[in-house]
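The next block holds one structure in the form of structure tokens; read it before the comments.
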Amino acid sequence: MSFEERMDRLTERHEALTQTVELLAAMQTENERRAAERSADLDKRFAESDRRLGQVLQAITRLGNIAEAHEQRLDHLEDRPH
């Protein structure tokens with residue numbers, strides 16, 4: 001194999017490696033974009049879940065207050081002489 005043939009072969013390999021690296025870089029960029037989109041979507045979902053959980057906790061607190069008020073009213077009614 002002559003020097004020029006070796007150089008041609010090395011050039012071909014170099015070009016193939018360059019294309020492979022470019023393809024991998026493009027794939028990595030796409031994967032990072034998709035991951036960022038998924039992360040943003042998850043952030044939205046978590047924020048919505050937190051909001052709903054806050055509403056549920058407020059409702060439970062209100063129901064607890066109502067139950068306590070009813071219990072006090074019943075206690076007051078039971079304590080009255082008949």
Side-chain angles (χ1 to χ4, degrees):
M1 182 181 284
S2 72
F3 176 78
E4 286 185 19
E5 289 173 332
R6 282 192 229 153
M7 285 300 293
D8 287 342
R9 206 165 152 202
L10 283 173
T11 301
E12 287 173 5
R13 286 183 179 174
H14 181 269
E15 288 173 1
L17 286 172
T18 300
Q19 290 174 358
T20 301
V21 168
E22 288 172 355
L23 178 60
L24 288 171
M27 290 170 65
Q28 180 63 25
T29 300
E30 179 64 16
N31 286 339
E32 289 172 356
R33 184 191 62 77
R34 286 181 183 171
E37 286 176 0
R38 284 191 297 266
S39 178
D41 185 46
L42 285 176
D43 288 345
K44 288 178 188 175
R45 288 182 186 183
F46 285 136
E48 179 64 17
S49 292
D50 284 346
R51 185 186 67 77
R52 288 181 181 173
L53 179 59
Q55 290 175 336
V56 168
L57 292 175
Q58 287 176 353
I60 289 170
T61 300
R62 286 193 305 267
L63 288 172
N65 292 338
I66 291 168
E68 186 177 332
H70 282 281
E71 185 177 337
Q72 289 174 1
R73 184 173 176 214
L74 289 173
D75 288 345
H76 177 71
L77 291 172
E78 289 173 355
D79 290 342
R80 287 178 34 203
H82 298 291

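- To the nearest 0.5 Å, the span separating CZ on F46 from CG on L53 amounts to 13.0 Å.
- Other residues, nucleotides and ligands contribute more than 12 heavy atoms inside 6.0 Å of the CZ atom of R33.
- In this structure, I66 CD1 and T61 OG1 are separated by 11.0 Å, a value rounded to the nearest 0.5 Å.
- A side-chain contact (heavy atoms from CB on, under 4.5 Å) with E68 holds for exactly one of Q72, E71, H70; it is Q72.
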**Message:** Using salt bridge (charged side-chain N to carboxylate O under 4.0 Å, His left out), reason through E48 and K44 one step at a time and then give a plain yes or no.
**Reply:** CA-CA 6 Å; E48 179 64 17; K44 288 178 188 175; over 6 Å; no

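- Using a cutoff of 4.0 Å between basic side-chain nitrogens and carboxylate oxygens, E30 and R34 are scored as salt-bridged.
- With a 4.5 Å cut-off on side-chain heavy atoms, D41 and E37 do not count as touching.
- For the atom pair R80 CZ and E78 CD, the distance stands at 11.5 Å (nearest 0.5 Å).
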**Request:** Evaluate side chain to side chain donor-acceptor pair (under 3.5 Å) for E15 paired with Q19, printing each intermediate quantity in order.
**Result:** CA-CA 6 Å; E15 288 173 1; Q19 290 174 358; 5.8 Å; no

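- The structure places CG of D8 at 6.5 Å from CD of E12, a figure rounded to the nearest 0.5 Å.
- Surrounding CZ of R52 are at most 12 heavy atoms belonging to other residues, nucleotides or ligands under 6.0 Å away.
- Here the CG atom belonging to L57 is positioned 10.5 Å from the CD atom belonging to Q55, to the nearest 0.5 angstrom.
- Annotation: the span from T29 atom OG1 to L24 atom CG amounts to 10.5 Å, rounded to 0.5 Å.
- Counting only distance, with no hydrogens or angles, the side chain of T20 and the backbone of A16 share a donor-acceptor pair below 3.5 Å.
- Closest approach of R13 and R9 over heavy atoms only: NH2-NH2, 2.8 Å.
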